[in-house]
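Atoms within a ligand are numbered from 1 in the order they appear, just like the ligands themselves. In what follows, residues are counted from 1 in the order of the sequence shown.
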Amino acid sequence: MKKILVLHGPNLNLLGSRENEIYGDLTLAEINKRIKKFAKKKGFVVEVYQSNHEGELVTKIQEAKGVVDAMVINPAAYTHTSIAIRDALAAAKIPTVEVHLSNIYRREEFRKISLSAPIAIGVISGFGAFSYILGLSAAWEIISGEKKTKGYGRKFRK
Ligand code: DQA
């Protein structure tokens, strides 16, 4: 069975009580439940991990190399600051989809820069908790069969 790792960055453990007008009312546990339900429906294994610590996320990405088939990551604030996470993603060479609950391009200037986006296959931003499902769906599409990736330019498949 294929395996997808979903990584949540800092402060996402506070979802449900954190700036609800931006991030919605669902808790992280509720979002994870939806993620697991989707994985079950499609037939892949999913591991979910959240950390507030940059180094822990880096270690998790390093450990994923050769073990997981794809990653969906919401690096949260580290999106805009972490060269370490970007480098870990580049080294892991795992097909990765970056996701954000909010549309980072509709917000403050500093959020419009993502250091990790150039390493990702693609970015999904602005659909609330559904961003994770869209991201998982894209990741699954890519790993579940070469046939399906024919719609992607070769340069951007991995
Ligand atoms: C976020 C957007 C980031 O700018 C912010 O720091 C977050 C969450 C999102 O999911 O919309 O913590 O990644």
Answer whether the closest heavy-atom distance between the side chains of Asn32 and His8 falls below 4.5 Å. yes

Do Glu54 and Asn52 have a side chain donor and acceptor closer than 3.5 Å? no

Check whether any N or O atom of Ala77, backbone or side chain, sits under 3.5 Å from an N or O atom of ligand 1, and answer yes or no. yes

His100 and Phe127, any side-chain heavy atoms less than 4.5 Å apart: no

Can you sort out the partners of Phe44 under ring pair (Phe, Tyr, Trp, His ring centres under 6.0 Å), two or more places apart, ordered by chain and number? Trp140

Atom 3 (C) of ligand 1 sits nearest the protein heavy atom His80 NE2, 3.5 Å

Any atom of ligand 1 sitting under 4.0 Å from a heavy atom of Asn74? yes

Hey, does the side chain of Ser125 reach the backbone of Ile104 with a donor-acceptor pair shorter than 3.5 angstrom? yes

Would you mind checking which non-hydrogen protein atom is closest to atom 12 (O) of ligand 1, with the distance to 0.1 Å? Arg18 NH2, 2.9 Å

Hydrogens and angles aside, do Glu98 and Ser114 bring a side-chain donor and acceptor to less than 3.5 Å of each other? yes

of all protein heavy atoms, closest to atom 9 (C) of ligand 1 is Leu101 N, 3.4 Å

Does Tyr23 come within less than 4.0 Å of ligand 1, judged by its heavy atoms? yes

Could you tell me the residue and atom name of the protein heavy atom closest to atom 1 (C) of ligand 1, and the distance to it rounded to 0.1 Å? His100 ND1, 3.7 Å

Among non-hydrogen protein atoms, atom 11 (O) of ligand 1 lies closest to Ser102 OG, 2.6 Å

